[in-house]
Amino acid sequence: MELAAKYNAAEVEDKWYAYWLKHKFFHSEPDEREPYTIVIPPPNVTGILHMGHVLNNTLNDVLIRNARMHGKNACWVPGTDHASIATESKVVAKLKAMGISKDDLTREEFLKYAWEWKEEHGGIILKQLRKLGASCDWDRTRFTMEPALSEAVINTFVYFYKKGWIYKGVRMVNWDPEALTAVSDDEVIHKDTKSHFYHLRYYISDGQGNPTDKYLVIATTRPETIMADAAICVNPNDERHHWLRGKKVLIPLINREIPVIEDDYVEMDFGTGCLKVTPAHDVHDYEIGLRHNLEVLDIIDEHGKLNEKARILVGEDRFVARKKIVKMLEEAGNLEKVEEYTSPVGYSERTNAVIEPRLSAQWFLKMDTLAKMALETVESGRTKFIPEKYVNTYRHWMENARDWCISRQLWWGQRIPAYYLPDGRYVVEATPEAALEAAKAICPDIKKEDLRQDEDVLDTWFSSWLWPISVFDPELPGHPDHQPNKDLAYYYPTSDLVTGPDIIFFWVARMIMAGEEFMGREPFSNVYFTGIVRDKIGRKMSKTLGNSPNPLDLIETYGADAVRIGMLLCSSAGNDIFYDEAQIKQGAAFCNKIWNSYRLVKGFTVDETVAQTPAAAAAIRWFDAKLSDTVAQVEDHYRKFRISDALMAIYKLFWDDYCAWYLEAIKPAFGQPVDKATYDATLGYFEALLKLIHPVMPFITEELWQNMEERKEGETIMYARTPAAKPFDPQVLVNFELAEEAVNGARGIRNQKNIAPKETLELKVKGDFPTEVIPVIEKMGNVTVEKVADFSEKQGVGFMVRTYEMFVALNGLVNVEEEIAKLEKDLAYQQKFLAGVRGKLSNERFVAHAPAAVIENERKKESDSLSKIESLESQLKALRNS
RNA sequence: GGAAGAUUAGCUCAGCUGGUUUAGAGCACCUGCCUUACAAGCAGGGGGUCGACGGUUCGAAUCCGCCAUCUUCCACCA
């Protein structure tokens, strides 16, 4: 079959992916082999592939393919996450575009739309992963809201409730007025935001509710909340404000009377030292309110608009109200001054809306015991973090974990299985039937229709924390006494988890908690944290910046293998990734290099009667050792999750060692055949290289592996065993390196003197140079090599290969002055170096303290240096006499 | 404000418990080549007082202290 001069990725990738699917090569079933398991970090069901996914899933795929080729039963479970807030807000937006408001729909109607949306857009991202070559076991695809997994979530809720770890409480929560739900502390991003510091006068009341002419000044960034003020608070140690003790002041505009109280919370040197206390709209104020038994007056509704309790500006959005009230305060003479001010403001991670602290009833899961268990898992090393530094972050969070607010005021998600009796009491059961039974125990006459289920759904992480368990056995979570099914027993704990450090608490920590609670052990052995993908100049990839390329376009242009290489090349473990398209081009170039080396090998004609050349024999001996050497390094890199280092080692083995040295050394002259032994070895090495690189470049390797010989239907490189490192003689590597350096020396001279590559040079070597690699030097350098006791020619260029002196005679081509100058420079350097070494050796304390091996090495440096100096001097002498 | 990590060639990074490193790699750069596998290529080449300053040591990119800069995480003063 004729091979094109350039590798065309687009042509082969779809073909082989279809082939892999057809033969279910990605599918895994428990058997007697050692399992290797990865669960995918489930992307949002309605998500679209971005560069972060490309990085993460490339790494996952490399690990899983590598394990497969090591003979393990590799299983990569794919799936998607229902992503409550993200998905619901997308559905709401779509309905809005259709002219439908969520408020006009019943829960059932809304969910119908949501499921339609999910069917339409859900799993696009999984299709996209196929383009990347991901070898997921698609038969095991899971969705966090599929019936079985939802059941698992409900069961765990009931389990923890009955254990007494889930409780309902009124808390100040982070309210997202756009998504209309509470979000957890972790989903709030604090950003420094420019605002204003308004200094407001509160006049002292005369006791009858009338203002006197005395006043105090408070500083606030939120003047629209003054109507909810419950007190003015000063520090008890602040003498400036002692005159206020026992006084009452009037809230501007509405003239409501509130007391002045004292609390240590107030910082004396911040603002004016007077704090307006608004328990309903600030976390700290709420706590002060609790201590001083203050009234809680909630004047902002769920949409962030002022309600009728505010008395003024009713129905206005909080930010509009702020502008308006400032004007009103100014007109009323209460505005003393306005300062520019930058303060941290919380934003919703999902909607970017400014978070409104809001009091509401929420469900919480106690974290103390779970956090303690999960900390131990990592501290004991049963789960390892790579890089290790994340253990610190993890520990800090675990030691300070606050109870987890698990309720969300949404419809898309698992509905909380709490059922309210008409009198407000409630029962928690997995099904309405069980709930009715439980309710009857409290209230015998109760009927099914009297029960009302809680309106809220559970936080998405409350389902994804079960992922490593529930994808295999959804029956188990919530029923830790159940025997794990066959799959769970075999695949759990999973081997490695690859994810971003941004979800270490959301997801990783909580999976560990669930794993310990329900399985009694860690959910994975290693967590490899990738960096964040940034653009060339270090900015995060984002839609708004438009600096994020579409991975599918890149795959189309350069091929999936090139994209995978490009991502891995720049992803040293634990660092952020600076994405640069140049790296993908490098990947494409590598594909092409592999392709062309195959064209060369494939183009050889074999003649069984031809004898093997000595150069080929030497090259084979060397490459055999080199391959083993590199395989051992690659294994080590994989063990340490140094994927980019593993890739680079193979890259250099393929390009520099195999193509640039090995193939050139064994390559017959144009039109000549190659002997059988060399051909077989060459093809064998090529296959070994394909296998080595297959986890990183699955497509081109399958294409070429299939092309190498007639393969049977159903054969694949995917299940070939990766080459194993064999013991080798390190001297073989050293000898070949000597040859390489000799060739480089000769080539250097050629380059310098502008001698055509076709002109054969005479290279003389002094000393006992290893004979076996001499044919390689002759072939690669286009030289004849002669071992001599002394150089007879005067005119020429000498150079050193380690301790061997070499000389190329060049009558008439040498500029004596130049050569002398060059040699003198080398000589000066050597003399300085020698002086340094001798300085060390003559230092008694060095000789006394340093280990023998180090001293021995210094002595070797000394003698090597001496012989180099000697050589340089004799060359100089010869040149000067010429 | 607290914590963790980083700082090595133009860029991205190796360099693990101090001495086989006279500081390396890939890319980029410069010079010469369309040499019948490959110009997405081949051959050759230049480039770093290892962030600053102290200390420990016979010996420091490597260990310690301090400073500077950067990144991330946590907390957050109305």
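From a predicted model like this one, the values you see are computed outputs, not experimental measurements. Computed over heavy atoms, backbone and side chain alike; hydrogens, waters and symmetry mates excluded.
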*Asks:* How would you list all residue pairs meeting salt bridge (charged side-chain N to carboxylate O under 4.0 Å, His left out) that involve residues 644-663 of chain A, not counting sequence neighbours?
*Replies:*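 Applying salt bridge (charged side-chain N to carboxylate O under 4.0 Å, His left out) to every pair that reaches into residues 644-663 of chain A, excluding sequence neighbours, yields A:R642-A:D645.
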
*Asks:* What is the distance, to the nearest angstrom, from the CZ atom on A:R859 to the C1' atom on B:G19?
*Replies:*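 Rounding to the nearest Å, CZ of A:R859 and C1' of B:G19 are 15 Å apart.
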
*Asks:* For B:U22 and B:C50, measure between their P atoms and round to the nearest Å.
*Replies:*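 The same atom, P, in both gives a distance of 16 Å.
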
*Asks:* Return the set of residues passing side chain to side chain contact (heavy atoms under 4.5 Å, CB included) with A:L738 (not counting sequence neighbours), or none when no residue passes.
*Replies:*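 Checked A:L738 against side chain to side chain contact (heavy atoms under 4.5 Å, CB included); matches are A:N735, A:F769, A:P770, A:V801, A:R802, A:Y804.
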
*Asks:* Is the A:F833 ring parallel, tilted or perpendicular to the A:Y829 ring (thresholds 30°, 60°)?
*Replies:*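 Judged by the thresholds at 30° and 60°, the geometry between A:F833 and A:Y829 is parallel.
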
*Asks:* Could you go through nucleotides 30-39 of chain B and list every protein N or O atom that sits under 3.5 Å from one of its N or O atoms, giving the distance for each pair?
*Replies:*
unit_1: B:A37; atom_1: OP1; unit_2: A:K667; atom_2: NZ; d: 3.2
unit_1: B:A37; atom_1: O2'; unit_2: A:N596; atom_2: OD1; d: 3.0
unit_1: B:A37; atom_1: O2'; unit_2: A:R599; atom_2: NH1; d: 3.0
unit_1: B:A37; atom_1: N6; unit_2: A:E664; atom_2: OE2; d: 3.0
unit_1: B:A37; atom_1: N3; unit_2: A:N596; atom_2: O; d: 3.0
unit_1: B:A37; atom_1: N3; unit_2: A:S597; atom_2: N; d: 3.3
unit_1: B:C38; atom_1: O4'; unit_2: A:N596; atom_2: OD1; d: 3.3
unit_1: B:C38; atom_1: O2'; unit_2: A:N596; atom_2: ND2; d: 3.4
unit_1: B:C38; atom_1: O2; unit_2: A:K593; atom_2: NZ; d: 2.8
unit_1: B:C38; atom_1: N3; unit_2: A:K593; atom_2: NZ; d: 2.8

*Asks:* Report the distance from atom OH of A:Y579 to atom CE of A:M51, rounding to the nearest 0.5 Å.
*Replies:*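 Between A:Y579 OH and A:M51 CE, I get 4.5 Å after rounding to 0.5 Å.
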
*Asks:* In Å, rounded to the nearest 0.5 Å, how long is the span from CZ of A:F604 to OH of A:Y679?
*Replies:*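 Answer for the CZ-OH pair, A:F604 versus A:Y679, is 8.5 Å.
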
*Asks:* Taking the same atom, P, in B:U21 and in B:A40, what whole-Å distance lies between them?
*Replies:*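 Approximately 37 Å lies between the P atom of B:U21 and that of B:A40.
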
*Asks:* Can you check the A:E581 CD to B:U12 P distance for me, whole Å?
*Replies:*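 Going from A:E581 (CD) to B:U12 (P), I get 18 Å.
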
*Asks:* Sequence neighbours excluded, which residues qualify as ring-ring contact (aromatic ring centres under 6.0 Å, His included) partners of A:Y662?
*Replies:*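 For A:Y662, the residues satisfying ring-ring contact (aromatic ring centres under 6.0 Å, His included) (neighbours in sequence not counted) are A:F623, A:Y658, A:Y685.
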
*Asks:* Rounded to the nearest 0.5 Å, what separation is found between the CD1 atom of A:I749 and the CE atom of A:M806?
*Replies:*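 The CD1 atom of A:I749 sits 10.5 Å away from the CE atom of A:M806.
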
*Asks:* Atom CZ of A:F799 and atom P of B:G45: how far apart are they, to the nearest Å?
*Replies:*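 My rounded result for the distance is 11 Å.
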
*Asks:* Hey, could you give me the OH/CZ distance between A:Y7 and A:F590, rounded to the nearest 0.5 Å?
*Replies:*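 Result: 12.5 Å between the selected atoms.
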
*Asks:* Want to know the stems of RNA chain B: at least 3 consecutive Watson-Crick or G-U pairs with distances under 3.5 Å, which are they?
*Replies:*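 Expected stems, ordered by start: B:1-7 with B:68-74, B:10-13 with B:24-27, B:29-33 with B:41-45, B:53-55 with B:63-65.
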
*Asks:* Rounded to whole angstrom, note down the P distance from B:G48 over to B:G10.
*Replies:*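 Looking at atom P only, B:G48 and B:G10 are 8 Å apart.
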
*Asks:* Given side-chain hydrogen bond (donor to acceptor under 3.5 Å, both in side chains), test A:N782 with A:T760 step by step and report yes or no.
*Replies:* CA-CA 5 Å; A:N782 189 21; A:T760 305; 3.0 Å; yes

*Asks:* A:R642 side chain N/O closer than 4.0 Å to the phosphate oxygens (OP1, OP2) of B:G15?
*Replies:*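 For B:G15, OP1/OP2 do have a side-chain N/O of A:R642 under 4.0 Å.
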
*Asks:* Strictly below 4.0 Å, heavy-atom distances to any atom of RNA chain B: list the hits from residues 841-853 of chain A, or just say none.
*Replies:*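 Heavy-atom contacts with RNA chain B come from A:N843, A:R845, A:F846, A:H849, A:A850, A:P851.
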
*Asks:* Rounded to the nearest Å, what distance is computed from the CZ atom of residue A:F529 to the P atom of nucleotide B:A4?
*Replies:*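 To the nearest whole Å, that distance equals 18 Å.
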
*Asks:* Can you give me the closest heavy-atom contact between A:I299 and A:T225, atom names plus distance?
*Replies:*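 Looking at all heavy atoms of both residues, the shortest contact is CD1-CA, 4.1 Å.
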
*Asks:* Name all pairs fulfilling the side chain to side chain donor-acceptor pair (under 3.5 Å) condition that reach into residues 262-275 of chain A, sequence neighbours left out, sorted by first residue then second.
*Replies:*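 Checked against side chain to side chain donor-acceptor pair (under 3.5 Å) - neighbours excluded - the pairs reaching residues 262-275 of chain A are A:R245-A:E262, A:D263-A:R291, A:D263-A:H292, A:Y265-A:H284.
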
*Asks:* Please measure how far the P atom in B:G55 lies from the corresponding atom in B:U49, and state the result in whole Å.
*Replies:*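 Their P atoms lie roughly 23 Å apart.
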
*Asks:* Which value, in whole Å, describes the distance between the P atoms of nucleotides B:C63 and B:G18?
*Replies:*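 Result for the P pair: 8 Å, nearest Å.
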
*Asks:* Between A:I565 and A:M697, is there a side-chain heavy-atom distance shorter than 4.5 Å?
*Replies:*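 They are in side-chain contact.
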
*Asks:* Expressed in angstrom and rounded to an integer, what is the separation of A:E388 atom CD from B:A6 atom P?
*Replies:*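 Value for this atom pair: 12 Å.
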
*Asks:* Just how far is it from atom CG of A:D238 to atom SG of A:C274, taken to the nearest 0.5 Å?
*Replies:*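 So the CG of A:D238 and the SG of A:C274 are separated by 7.5 Å.
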
*Asks:* When you check the gap from the basic side-chain N to the acidic O, do A:E224 and A:R222 get nearer than 4.0 Å?
*Replies:*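 Salt bridge: yes.
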
*Asks:* Select from A:Q752 and A:K585 the residue whose nearest nucleotide in RNA chain B is closer to the 5' end of that strand.
*Replies:*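 Checking each residue's closest nucleotide, the 5'-ward one belongs to A:K585.
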
*Asks:* Expressed as a whole number of Å, how far does the C1' atom of B:U62 sit from that of B:U8?
*Replies:*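 Result for the C1' pair: 11 Å, nearest Å.
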
*Asks:* Determine the contact category for A:N857: base if any of its heavy atoms lies under 4.0 Å from a base atom, sugar-phosphate if only primed atoms, P, OP1 or OP2 are that close, otherwise nothing.
*Replies:*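 Touches a base.
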
*Asks:* Walk along nucleotides 68-78 of chain B from 5' to 3' and tag each nucleotide B, S or - by protein heavy-atom contact under 4.0 Å, base first, then sugar-phosphate.
*Replies:* ----SSS-BBB

*Asks:* Show the numbers, then the answer: is there a ring-ring contact (aromatic ring centres under 6.0 Å, His included) between A:F641 and A:Y528?
*Replies:* CA-CA 8 Å; A:F641 289 87; A:Y528 175 89; 5.7 Å; yes

*Asks:* Who pairs with A:K840 by salt bridge (charged side-chain N to carboxylate O under 4.0 Å, His left out), at least two apart in sequence or on another chain?
*Replies:*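 Result, salt bridge (charged side-chain N to carboxylate O under 4.0 Å, His left out) vs A:K840: A:E858.
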
*Asks:* Could you go over nucleotides 47-50 of chain B and give all protein N or O partners under 3.5 Å, atom names and distances?
*Replies:*
none

*Asks:* Can you measure from OG (A:S597) to CG (A:L663) and round to the nearest 0.5 angstrom?
*Replies:*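 Nearest 0.5 Å value for the OG-CG distance: 6.5 Å.
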
*Asks:* Mind calculating the distance between NZ (A:K861) and C1' (B:U22) to the nearest angstrom?
*Replies:*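 Result: 7 Å.
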
*Asks:* For atom C1', what is the distance between B:U17 and B:A3, given to the nearest Å?
*Replies:*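 Roughly 27 Å separates the two C1' atoms.
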
*Asks:* Just the rounded figure in Å: distance from C1' of B:C42 to CE of A:M780.
*Replies:*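 That distance rounds to 11 Å.
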
*Asks:* For the pair A:W397 and A:F505, name the ring-plane relationship: parallel under 30°, tilted 30 to 60°, perpendicular over 60°.
*Replies:*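 A:W397 and A:F505: parallel rings.
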
*Asks:* Grab the NE2-C1' distance between A:H637 and B:C16 for me, whole Å please.
*Replies:*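 Between C1' of B:C16 and NE2 of A:H637: 11 Å.
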
*Asks:* Salt bridge check, A:D864 against A:K861: does any charged N sit closer than 4.0 Å to a carboxylate O?
*Replies:*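 Here A:K861 does not pair with A:D864 in a salt bridge, since their nearest N and O are not under 4.0 Å apart.
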
*Asks:* Could you work out the separation of B:G46 and B:U31 based on their P atoms and round it to a whole Å?
*Replies:*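 Roughly 15 Å separates the two P atoms.
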
*Asks:* A:K822: what forms a salt bridge (charged side-chain N to carboxylate O under 4.0 Å, His left out) with it, not counting sequence neighbours?
*Replies:*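 Here the qualifying residues are A:E819.
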
*Asks:* Name the pairs: protein N/O against N/O of nucleotides 24-26 of chain B, kept only if under 3.5 Å.
*Replies:*
unit_1: B:A25; atom_1: O2'; unit_2: A:K652; atom_2: NZ; d: 3.0
unit_1: B:G26; atom_1: O2'; unit_2: A:Q586; atom_2: NE2; d: 2.9

